[in-house]
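Sequential numbering from 1 along the given sequence is applied to the chain's residues. From a predicted model like this one, the values you see are computed outputs, not experimental measurements. Just the heavy atoms: all of them, side chains too, but no hydrogens, waters or symmetry mates, feed the values below.
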Amino acid sequence: MRHKGSLLFMFFCLTLLLSGCEPLMVLDPKGPVAKIQSDTIIFSMWVMAAVLLVVYVLFVYMLVKYRATKANEGYEPPHEEGSKLLEITWTAIPIIIVVILSVITVKTLDQVETKPAGYDDQNPIVIYASSSNWKWHFSYPEENIETVNYLNIPTNRPIEFRLYSYGPITSFWIPQLGGQKYAMSDMVTKLHFAADHPGSFMGKNSNFSGKGFAHMEFEVLAMSPADYSKWVDEVKQTAPALTEPEFDSLLDMEHVGRKTYASTHLTFRPAPEGAHGGHNHGGGTTTESEPDSSSEHSGHSDSSSEHSEHSEMNHDQHKK
């Protein structure tokens, strides 16, 4: 009885302590993409809980029914060759479970890889999110502004993030707005979000990329469209322009605070997409079959191949 009382007391204390914890961010969605992913996670948890319940019930049933007692001492069960019905059952049930989870997962992936539901009539705001050791650069080509280590977005507006890296592979993740996706050096990956509610959310690098990756956290502030427009106008009027030497110094610095600029680095250091993708990042010529995607949704002029090559050479010399 003492042991049972101690266990009950420990269970009560643990329940009391956990009741004060905040909910998991991935299960507290603030946008349609995060809501889809949260529902998929919860559905998967219920399926797994149902499987465990059945297994534990059968386990206890077998222990009780076939336990050794004095009444059946010396009893030897008859020899059984097997049961086709049981073998079919315990083979079919896992297959059915895997098929159900696979269908739900594929459907979810298809939904989150496109513009969020309910925003089909709106054009997304394109934001280039690039990582470097150990910081995030957010370029707004339509507004022609750039921030470092913080991100402001309007509510009720689809956002299309274009991700890439100036260093090792990182993973861009805002748990309450959607899932993570990798940012790599020679290509651009896309991620679609939308914020239904104003508020402050945490973003981070969820992929171990070196000694400073734990510091790659940033605040995402979702604000009303009016407040967002006011913030953009304020940045254009008060922030300095981002020059190539300034950007190179940012790449070299390991830790910086929040910074704001009234221009983007995309004008002299294009994202690795289109003609600038892969090993042609920062140089090469644009062909008709490979349109320059850096100008899409951007509002900034394309850089010529000579200027891009010159920029890359300057950056390499600066690193050396």
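Hydrophobic clustering keeps L86 apart from Y61 (ILVMFWY residues linked when any side-chain heavy atoms are closer than 4.5 Å, directly or through intermediates). Taking hydrophobic clusters as Ile, Leu, Val, Met, Phe, Trp and Tyr residues chained together by side-chain heavy-atom distances below 4.5 Å, I93 does not share a cluster with M48. Grouping the Ile, Leu, Val, Met, Phe, Trp and Tyr side chains by contacts below 4.5 angstrom, directly or via other members, places V55 with L101. L221 is connected to M216 through a chain of hydrophobic side-chain contacts under 4.5 Å among Ile, Leu, Val, Met, Phe, Trp and Tyr, so both are in one cluster.
Just one residue in the list Y164, F218, Y182 forms a ring pair (Phe, Tyr, Trp, His ring centres under 6.0 Å) with F172, and that residue is F218.
Of the possible polar contacts, none joining the R157 side chain to the A195 backbone as a donor-acceptor pair under 3.5 Å is found. Of the possible polar contacts, one joining the Q176 side chain to the D28 backbone as a donor-acceptor pair under 3.5 Å is found. A donor-acceptor contact shorter than 3.5 Å is absent between the side chain of K259 and the backbone of L250.
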Start with the C-alpha gap between Y261 and F247, add the side-chain angles, then the distance that decides, and say whether ring pair (Phe, Tyr, Trp, His ring centres under 6.0 Å) holds. CA-CA 10 Å; Y261 299 97; F247 183 68; 8.9 Å; no
What do the steps show when you test K35 against S38 for side-chain hydrogen bond (donor to acceptor under 3.5 Å, both in side chains), and what is the final call? CA-CA 5 Å; K35 182 67 167 60; S38 174; over 6 Å; no
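Residues K236 and I145 meet the side-chain proximity criterion, which asks for heavy atoms closer than 4.5 Å. No side-chain heavy atom of S131 sits less than 4.5 Å from a side-chain heavy atom of N205. I153 is listed as a side-chain neighbour of I127, based on a closest heavy-atom distance under 4.5 Å. Looking at S185 and I169, their side chains never come closer than 4.5 Å, going by heavy atoms from C-beta outward.
Ring planes of F193 and F161: perpendicular class, angle over 60° (limits at 30 and 60°). The aromatic rings of W136 and F138 lie parallel to each other, with less than 30° between the two planes, well short of the 60° mark.
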